Asker: 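My questions all concern the structure below.
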There are 2 protein chains.
Amino acid sequence: MNVEEILQTESQIPLESRTIIHFLLVNNKINESISNVLKPFDISPQQFNVLRILRGQNGTPANLSTLNDRMITKMSNTTRLVDKLIIKGYVDRITCPSNRRKVEINITETGKKELKKMDIAMSNAEKKILKNLSKSELKELNNLFNKL
Amino acid sequence: MNVEEILQTESQIPLESRTIIHFLLVNNKINESISNVLKPFDISPQQFNVLRILRGQNGTPANLSTLNDRMITKMSNTTRLVDKLIIKGYVDRITCPSNRRKVEINITETGKKELKKMDIAMSNAEKKILKNLSKSELKELNNLFNKL
DNA sequence: ACAATACATTTGTATATACAATAATTGTAG
DNA sequence: CTACAATTATTGTATATACAAATGTATTGT
C-alpha cells in the first residue's frame with residue numbers, strides 16, 4: 001500500500017503527514033475487512049465490540065458508562081446500540097437493583113455462541129490483513145503504537 | 001497507549017488481534033484530533049480530504065469518480081459532499097462540456113485560502129500526535145504500512 | 001425534610017454515511 | 001439509425017452517529 005501511488009501525487013509529502021495519511025489508508029482497509037466479516041452476522045463493528053466487552057466481563061454485568069469507557073470508538077449512543085443487541089437476543093438489560101439509575105447489561109448464551117462464530121471469522125480476517133508481516137514486525141508495530 | 005490497560009483485560013490477546021485492536025485505538029485518537037482541528041473551520045474530515053485532492057489537481061478539474069478513487073474513505077455520496085463545499089464557496093462544479101454525464105469540480109480561490117489555514121493547524125496536530133516517534137521510527141512505521 | 005446538585009441513562013434532532021434505485025447521457029451492435 | 005448496454009452522477013431511504021436536552025434517581029447541604 002503505497003501512499004504516493006494512491007494519492008497520485010509526485011510531490012514530496014512531509015513525513016508526519018505521510019504517516020498520518022498512510023495510517024488512515026490502512027485503517028480504511030481494516031475497517032472494510034472487518035465490515036465484510038461481520039456482514040453475514042448482521043452486526044455492526046460497534047455491536048461486535050460491545051459483545052466482546054461483555055464476554056470479557058465474565059458474568060459481571062456492565063453498565064453503560066463501563067461500556068463507553070472500554071469501547072474502541074466512543075459514541076454517545078450506547079443505549080441504542082444495546083437496544084439492537086437486545087432485539088437480536090445477544091444481550092439482556094435490567095435496571096440495577098442497588099442503584100436504579102444504572103442498568104446491568106449481560107451477554108446471553110445465544111450471544112456467546114454467535115460471538116464464538118464471529119471470532120473465528122474475525123481471526124481469519126486479521127491473519128489475512130497482517131499476512132505480510134512477520135512476528136517480529138508485528139511486535140515492532142505494537143511497540144511503535146505503544147509510543148503514541 | 002497500552003491495549004491491555006484500555007481493554008481492562010488480563011488475558012493474553014493473540015498478537016494479530018492485539019495489533020488490529022491497537023490499530024483501531026490509535027486510529028480513533030487520530031480521528032479525534034483531526035476532527036478537533038477542523039471543527040473551527042466547520043468542515044468535516046471528508047470535505048477536507050476532497051479539498052486537498054482538488055488542490056493537488058493543479059487546476060485540472062476533477063470529476064466525481066476521480067474524487068472517489070483518491071479519497072481516503074470511499075463513500076458513496078461524493079455528490080452531497082461536494083454540495084456542501086459549494087455552499088461554503090470552496091469549490092465549484094460545472095457539467096463537463098465534452099461529456100455531459102460528467103462534472104468538473106474545481107477548488108476556488110477562497111477554498112485555497114482556507115485550505116492553507118487548515119494545513120497549518122493540521123500539520124501542528126500531526127506533529128503533536130507523532131511527537132513521541134523519532135524520524136527513523138516514523139520511517140519504520142511507513143515501511144511496515146507499505147507491507148500491508 | 002426540602003431544595004439544589006450530581007449522576008446515569010434515554011430521547012430528540014440534525015447530520016453523515018451506506019446502499020439501492022433512478023435519471024441522463026454516451027457508446028455500440030445489428 | 002435504432003435499441004440496448006454501459007457510464008456517470010444524483011436522489012431516495014434506512015441506518016448510524018454526534019451532540020444537546022430531558023428524564024428519572026440518588027446524594028448532599030441546610
Side-chain angles (χ1 to χ4, degrees), chain A residues 24 27-29 31-51 54 61-88 91-106, chain B residues 24 27-29 31-51 54 61-88 91-106:
Chain A
L24 296 176
N27 178 69
N28 219 59
K29 202 178 150 182
N31 276 341
E32 204 170 305
S33 172
I34 291 178
S35 294
N36 283 337
V37 166
L38 296 179
K39 200 163 288 172
F41 297 100
D42 190 32
I43 198 169
S44 74
Q46 302 258 32
Q47 290 172 25
F48 175 68
N49 189 203
V50 169
L51 277 186
L54 290 175
N63 54 36
L64 277 184
S65 46
T66 313
L67 284 183
N68 249 326
D69 289 347
R70 303 212 183 144
M71 271 162 66
I72 293 175
T73 306
K74 318 289 183 202
M75 66 160 239
S76 36
N77 220 327
T78 316
T79 299
R80 282 185 274 230
L81 213 158
V82 170
D83 288 347
K84 274 159 209 153
L85 289 171
I86 291 174
I87 291 169
K88 297 193 173 91
V91 310
D92 52 44
R93 174 178 54 195
I94 57 167
T95 58
C96 176
S98 64
N99 185 341
R100 304 211 328 273
R101 286 174 300 187
K102 296 189 186 180
V103 291
E104 291 185 343
I105 302 158
N106 272 295
Chain B
L24 296 177
N27 178 69
N28 219 58
K29 200 177 151 182
N31 276 342
E32 203 171 307
S33 174
I34 291 179
S35 294
N36 283 337
V37 166
L38 296 179
K39 200 164 285 171
F41 297 100
D42 190 34
I43 198 169
S44 75
Q46 302 258 34
Q47 291 172 25
F48 176 67
N49 189 203
V50 168
L51 278 185
L54 290 175
N63 54 34
L64 278 185
S65 48
T66 314
L67 284 183
N68 249 326
D69 288 348
R70 304 212 181 145
M71 271 163 68
I72 293 175
T73 307
K74 319 289 183 201
M75 66 163 242
S76 37
N77 219 327
T78 316
T79 299
R80 282 185 273 233
L81 215 159
V82 170
D83 288 346
K84 275 161 209 152
L85 290 172
I86 291 173
I87 291 170
K88 297 192 173 93
V91 310
D92 52 44
R93 173 180 54 197
I94 57 168
T95 58
C96 176
S98 65
N99 185 342
R100 303 210 327 273
R101 284 173 302 188
K102 296 190 187 179
V103 292
E104 291 186 342
I105 302 158
N106 272 296

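Below, chains carry the letters A, B, ... as their sequence lines are ordered, and counting in each starts from 1. Given the structure is predicted, the values throughout are model-derived calculations rather than measurements.
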Asker: Considering only heavy atoms, which members of residues 35-44 of chain A lie under 4.0 Å from some atom of DNA chain D?
Answerer: none
Asker: Heavy-atom contacts under 4.0 Å between residues 92-103 of chain A and DNA chain D, which residues?
Answerer: A:Asn99, A:Arg100, A:Arg101
Asker: Kindly point out which of C:dC19, C:dA16, C:dT10 is positioned nearest to the side chain of B:Asn77?
Answerer: C:dC19
Asker: Do the non-hydrogen side-chain atoms of B:Val50 and B:Ile105 ever get within less than 4.5 Å of each other?
Answerer: no
Asker: Would you indicate which nucleotide in C:dG12, D:dA9, D:dT11 comes nearest to any side-chain atom of B:Leu64?
Answerer: D:dA9
Asker: Using modelled atom types and a 3.5 Å cut-off, is there a donor and acceptor pairing between side-chain atoms of A:Asn49 and backbone atoms of A:Ile72?
Answerer: yes
Asker: Rounding to an integer number of Å, can you tell me how far A:Met71 CE sits from C:dT9 P?
Answerer: 13 Å
Asker: Contact between B:Leu24 and A:Asn31 at the side-chain level, heavy atoms closer than 4.5 Å - yes or no?
Answerer: yes
Asker: Can you tell me the distance, in whole Å, between the CZ atom of A:Arg80 and the P atom of C:dA16?
Answerer: 17 Å
Asker: Taking only the side-chain nitrogens and oxygens of A:Gln46, find out if one of them lies under 4.0 Å from OP1 or OP2 of D:dA16.
Answerer: no
Asker: Is there a side-chain contact between B:Arg93 and B:Thr79, using heavy atoms and a 4.5 Å cut-off?
Answerer: yes
Asker: Is there a side-chain contact between A:Asn63 and A:Thr66 (heavy atoms, below 4.5 Å)?
Answerer: yes
Asker: Among residues at least two apart in sequence or on other chains, which ones pass salt bridge (Lys or Arg N to Asp or Glu O under 4.0 Å) with A:Asp92?
Answerer: none
Asker: Using the closest heavy atom to pick a nucleotide of DNA chain D for each, name whichever of B:Ser65 or A:Gln47 lands nearer the 5' end.
Answerer: B:Ser65
Asker: Any side-chain heavy atom of B:Lys102 within less than 4.5 Å of one from B:Thr95?
Answerer: no
Asker: Considering only heavy atoms from C-beta outward, does the side chain of B:Leu67 approach that of B:Leu54 to under 4.5 Å?
Answerer: yes
Asker: Starting at CG of A:Asp83 and ending at P of D:dT17, how long is that distance when rounded to a whole Å?
Answerer: 14 Å
Asker: Below 4.0 angstrom from OP1 or OP2 of C:dT15, is there any side-chain N or O of B:Lys84?
Answerer: no
